[in-house]
Amino acid sequence: MPTLNARPVLMPAEPPSSPASDYCQRWSRGAHSWRHISEGGFDPRLYQVAPITEAAARAFVIDEHYAASFPAARFSIGLLSRDDRFPINGAMVDEMALVGVATFSTPMSRGVLSSVFGTLEPYEQSIELGRFVLTDTPANAESWFLARAFRHAYDRGIRGVVSFADPLPRRRQITETLDNGTTIERIEQTSPGHIGGIYQSVNAIALGRSTARTLNYLPRRGLVLSERSLSKVRGQERGADAAERHLVSLGAPIRRAGQDPRAWLREALAALDVTKIRHPGNFRYAFPLGSSSQRRRLPIGLPRTAYPKAATDILPG
């Protein structure tokens, strides 16, 4: 058996030139690192895949994923481990360590699904893979976990899955106090930008990009603020209180009693230094589920494209 390192192999700020073939990405407290596939070491006897509660999935994803957000989940599948060779971040399910989560979610627009799988009923037969996160597991765990998560989805009636890879690199500002008492600030890369390397490695169907859009970007945190959440604040719709609390947790001032929500939102976004950036769209992938004959017969509603490449398709940071 190959020698296993105690922690993932840390890579330079730029992603590997061919992560789909040589490296496996891992997450810990919102920051990424890499394992080389030559490390091997994945022993399926030490792992189990099972449905988990939304509460467990939400806590894990928000804690570990760089976006620090959780989608509108239909169900989540967990990767559970009894492999004590690797540090565990604390989450436990059925006395096993939770080391990965696949969350199947419902996009706001049915068209996200129906444009790809026109013969399937959105949300019932087709769904989005909204989050796929692994922490400190050996190389080659992703494909094993993903295949079994898809089996669970199939058993729930899902016949087609859509997922997206965001090529926008993310960075956040870190403030540290040194041993001598000096305070320094540094920039930490939390995501190098994604091309969907794991999807490519399992032969997903590439379908170009999603619609280009303008994002509300918080550079200091490397976060994108959902336009839907901001609109809830403006219109004081259901969920507005949670959206306000999120902005305050990021450093926005608390809304004063009687203050107009729209005026407060402008003040909050200015305090957070939120900027508008133009995004060309995420890379879209499709996964027909079922037997090989079922997958071949399922119509795909968008033109197939070549796989994007890290060397040419990652956005500038």
Side-chain angles (χ1 to χ4, degrees), residues 10-20 23-34 61-72 101 103 105 107-109 112 128-134 142 162-174 186-201 204 206-231 246-247 250-251 269 272-286 302 305-317:
L10 297 179
M11 298 298 295
E14 296 301 319
S17 60
S18 183
Y23 289 92
C24 304
Q25 194 168 34
R26 294 294 181 265
W27 297 93
S28 180
R29 299 296 188 262
H32 78 281
S33 56
W34 302 92
V61 169
I62 290 178
D63 196 30
E64 303 294 349
H65 195 265
Y66 69 89
S69 63
F70 192 69
V101 168
T103 293
S105 56
M108 287 180 56
S109 169
V112 171
E128 181 179 352
L129 178 61
R131 291 287 184 270
F132 186 67
V133 189
L134 280 77
E142 294 106 329
V162 177
S163 194
F164 297 89
D166 187 353
L168 177 67
R170 306 289 180 85
R171 296 176 175 85
R172 63 186 175 190
Q173 183 175 301
I174 303 293
R186 62 180 178 84
I187 300 298
E188 176 185 73
Q189 185 180 62
T190 57
S191 171
H194 300 286
I195 57 166
I198 179 58
Y199 303 154
Q200 296 178 22
S201 71
L207 300 174
R209 292 182 184 268
S210 62
T211 303
R213 63 204 189 281
T214 299
L215 302 179
N216 300 291
Y217 187 59
L218 179 52
R220 285 182 296 175
R221 295 293 190 98
L223 297 177
V224 173
L225 301 180
S226 163
E227 183 58 40
R228 178 64 184 133
S229 295
L230 300 184
S231 69
H246 179 60
L247 292 174
L250 294 174
L269 297 182
L272 295 174
D273 294 326
V274 172
T275 61
K276 298 282 188 181
I277 61 172
R278 190 64 179 167
H279 193 294
N282 294 330
F283 294 111
R284 180 192 291 111
Y285 290 90
L302 295 174
T305 61
Y307 284 155
K309 300 181 183 301
T312 56
D313 294 308
I314 295 293
L315 297 176

Partner set under salt bridge (charged side-chain N to carboxylate O under 4.0 Å, His left out) for R213, not counting sequence neighbours:
none
Side-chain donor-acceptor contact under 3.5 Å, T214 with R278
yes
Roughly how far, to the nearest 0.5 Å, is the CG atom of L218 from the CG atom of L223?
5.5 Å
According to side chain to side chain contact (heavy atoms under 4.5 Å, CB included), who are the partners of A286, at least two apart in sequence or on a separate chain?
V116, F117, I205, L207
Check whether any side-chain N or O of Q200 sits under 3.5 Å from a backbone N or O of A206 as a donor-acceptor pair, and report yes or no.
no
For D273 and P219, work out which heavy atoms get closest and say how close.
O-CD, 3.5 Å
Main-chain N/O of A165 paired with Y285 side-chain donor or acceptor, under 3.5 Å
no
With S69 via side chain to side chain donor-acceptor pair (under 3.5 Å) - residues at least two apart:
R131
Distance (rounded to the nearest 0.5 Å) between I198 CD1 and S163 OG
11.0 Å
Holding to side chain to side chain contact (heavy atoms under 4.5 Å, CB included), I want the full list of residues that pass it with T211, two or more places apart in sequence or in another chain.
none
Taken in chain and number order and not counting sequence neighbours, the residues that satisfy side chain to side chain donor-acceptor pair (under 3.5 Å) with D313 are none
Smallest heavy-atom separation, H65 atom then V133 atom, equals CD2-CG2, 3.5 Å
In Å and rounded to the nearest 0.5 Å, what is the OG to NE2 distance from S210 to H279?
7.0 Å
Could you check T275, I277, L225 and say which one makes a side-chain contact (heavy atoms from CB on, under 4.5 Å) with L215?
I277
Suppose we call two aromatic rings close when their centres sit under 6.0 Å apart. Are H194 and F132 close by that rule?
no
In Å, rounded to the nearest 0.5 Å, how long is the span from CG of N216 to OG of S226?
8.5 Å
Please name all residues satisfying side chain to side chain donor-acceptor pair (under 3.5 Å) with T312, sequence neighbours left out, ordered by chain then number.
none
Quick check: do R284 and V162 have side-chain heavy atoms less than 4.5 Å from each other?
yes
Go through the structure and list residues passing ring-ring contact (aromatic ring centres under 6.0 Å, His included) with F283, not counting sequence neighbours.
none
Flag side-chain contact, heavy atom, 4.5 Å: I314 against I195:
yes
Specify the closest pair of heavy atoms between G130 and S105, including all atoms of both residues, with the distance to one decimal.
CA-OG, 3.4 Å
Sequence neighbours left out, what passes side chain to side chain donor-acceptor pair (under 3.5 Å) with Y217? Give chain and number order.
none
